[in-house]
Protein chains: 2
Amino acid sequence: EQVVVSGVAYNRDEAKITIVGVPDHPGIAAAIFTPLSDASIVVDMIIQNASSDGRTDMTFTVPKGDFKRAVETCRKTMEKLGCNDIRGDENIAKISIVGVGMRSHAGVATKMFGILSKEGVNIQMISTSEIKISCVVDAKYTELAVRALHDGFGLGDVDGVSKS
Amino acid sequence: EQVVVSGVAYNRDEAKITIVGVPDHPGIAAAIFTPLSDASIVVDMIIQNASSDGRTDMTFTVPKGDFKRAVETCRKTMEKLGCNDIRGDENIAKISIVGVGMRSHAGVATKMFGILSKEGVNIQMISTSEIKISCVVDAKYTELAVRALHDGFGLGDVDGVSKS
Ligand SMILES: C[C@@H](O)[C@H](N)C(=O)O
Ligand SMILES: C[C@@H](O)[C@H](N)C(=O)O
């Protein structure tokens, strides 16, 4: 597969919520997201890493407009499941590079991380798919990150950036 | 967006590697993935969650054939960066539901988690995109998970399952 990074996208309309210390056994993910779906809260990124000592963290993003409602919903779930904490951050931006054949080229993700690192942008979360690599960063870095990625991947004038 | 879950995909050819306790400051992600790209190791999923106390875990998947080489490469990086541990697991399967409009329907992810939960399948990692929701599970659950998801999303005969 020839890699074609066709664009840079960003989204500042989201907020992230992390439920810290969820028990790692079957049914927990369903218990967290069922009340959110029932409340018609649209969830975008969901990230769960491997667990240590039977606990892991679950982070997801929601539209800024649903942030408070989502936190309240999760607080109830948290108490029921016996999690350690719930953290929220409305001050994030999701920055993505999009293209085909991304997966088979580890170099693309590495290049993206290198570009952000050179600009001193800290990466808070990472999620990848075949057509997209997304990094969550502090919202204040949105323009810097988008411009640096545009230049770094030779995508020409920044004006072509899409919001996603 | 009308949700159309068009299929279930699975991949048992991967292994996962978790670097535990990476320092959460700019440049670390680039430091981890640059040696892997230089060694031409193809990385598939990359998952990093929000950090606690300045440390976070970084998990990624590689083809089973590259597992040992990737662990050796990361061991050197781990010592350089001062991480806590490195864990590997060759016994995993990535199970995905694919379709369009997934993101705007939290119900789809919730339904997937509910189906896996009912079968007693523990979810080790979660990663989502607009067209795909992937869960990493123990490889022994591959067939059970694929069949249950097929039935749960009304996708007809299991034979249509694709490997991805
Ligand atoms: C943490 C959560 O994903 C749990 N392992 C589950 O299967 O629901
Ligand atoms: C952990 C790692 O992602 C780090 N935050 C970085 O920016 O490289």
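Just the heavy atoms: all of them, side chains too, but no hydrogens, waters or symmetry mates, feed the values below. To find a chain, count down the sequence lines: A is the first, B the second, and so on, and within it residues start at 1.
- Follow the hydrophobic side-chain contacts under 4.5 Å out from B:V20 and you never reach A:V20; the two are in separate clusters.
- Of the possible donor and acceptor atoms, one in the side chain of B:T128 sits under 3.5 Å from a partner among the backbone N and O of A:D44.
- Taking both residues in full, the closest heavy atoms of B:A50 and A:M125 are given as N-CG, 3.8 Å, listed atom of the first, atom of the second, then distance.
- With contacts defined as side-chain heavy-atom distances shorter than 4.5 Å, the pair A:I126/B:M58 qualifies.
- Follow the hydrophobic side-chain contacts under 4.5 Å out from A:I133 and you reach A:L155 in the same cluster.
- No more than 12 heavy atoms of other residues, nucleotides or ligands lie within 6.0 Å of NZ in A:K80, so this atom counts as exposed by the packing criterion.
- In this structure, NZ on B:K132 lies 14.0 Å from NZ on A:K132, to the nearest 0.5 angstrom.
- Most heavy-atom pairs under 4.5 Å with chain B, from the set A:I28, A:I47, A:I46: that is A:I46.
- The environment of CD in B:E90 is crowded: more than 12 heavy-atom neighbours from other residues, nucleotides or ligands sit within 6.0 Å.
- Side chain of B:T110 to main chain of A:F33: a donor-acceptor pair is present (N/O by atom type, distance under 3.5 Å, no hydrogens or angles).
- Contact annotation for A:K118: neither backbone nor side-chain heavy atoms come within less than 4.5 Å of a heavy atom of chain B.
- One N or O on the side chain of B:N49 and one on the backbone of A:D57 form a donor-acceptor pair closer than 3.5 Å.
- For a residue to count as touching a neighbouring chain, one of its non-hydrogen atoms must lie under 4.5 Å from one of that chain's; by this rule A:I123 touches chain B with backbone and side chain alike.
- Looking at B:S51, only its backbone comes within 4.5 Å of chain A, counting heavy atoms on both sides.
- When the shell of 6.0 Å around NZ of B:K68 is examined, it contains 12 or fewer heavy atoms from other residues, nucleotides or ligands.
- The backbone N or O of B:Q124 lies less than 3.5 Å from a partner atom in the side chain of A:Q48, making a donor-acceptor pair.
- Cluster annotation: A:V22 is connected to A:V71 through the hydrophobic network of ILVMFWY side chains, with a link wherever side-chain heavy atoms come within less than 4.5 Å.
- A continuous path of Ile, Leu, Val, Met, Phe, Trp and Tyr side chains, each step under 4.5 Å between heavy atoms, connects A:V108 with A:V146, placing both in one hydrophobic cluster.
- Residue A:V98 is not grouped with residue A:V137 when hydrophobic side chains (ILVMFWY) are merged at heavy-atom distances under 4.5 angstrom, including chains of intermediate members.
- Ranked by heavy-atom pairs shorter than 4.5 Å toward chain B, the options A:S134, A:G114, A:C135, A:A30 are led by A:A30.
- When heavy atoms are compared at a cutoff of 4.5 Å, A:M112 does not approach chain B at all.
- The only option from A:N122, A:L116, A:V121 that meets the side-chain contact (heavy atoms from CB on, under 4.5 Å) definition with B:P26 turns out to be A:N122.
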Working for side chain to side chain contact (heavy atoms under 4.5 Å, CB included), residues A:T18 and B:S52: CA-CA 10 Å; A:T18 301; B:S52 306; over 6 Å; no

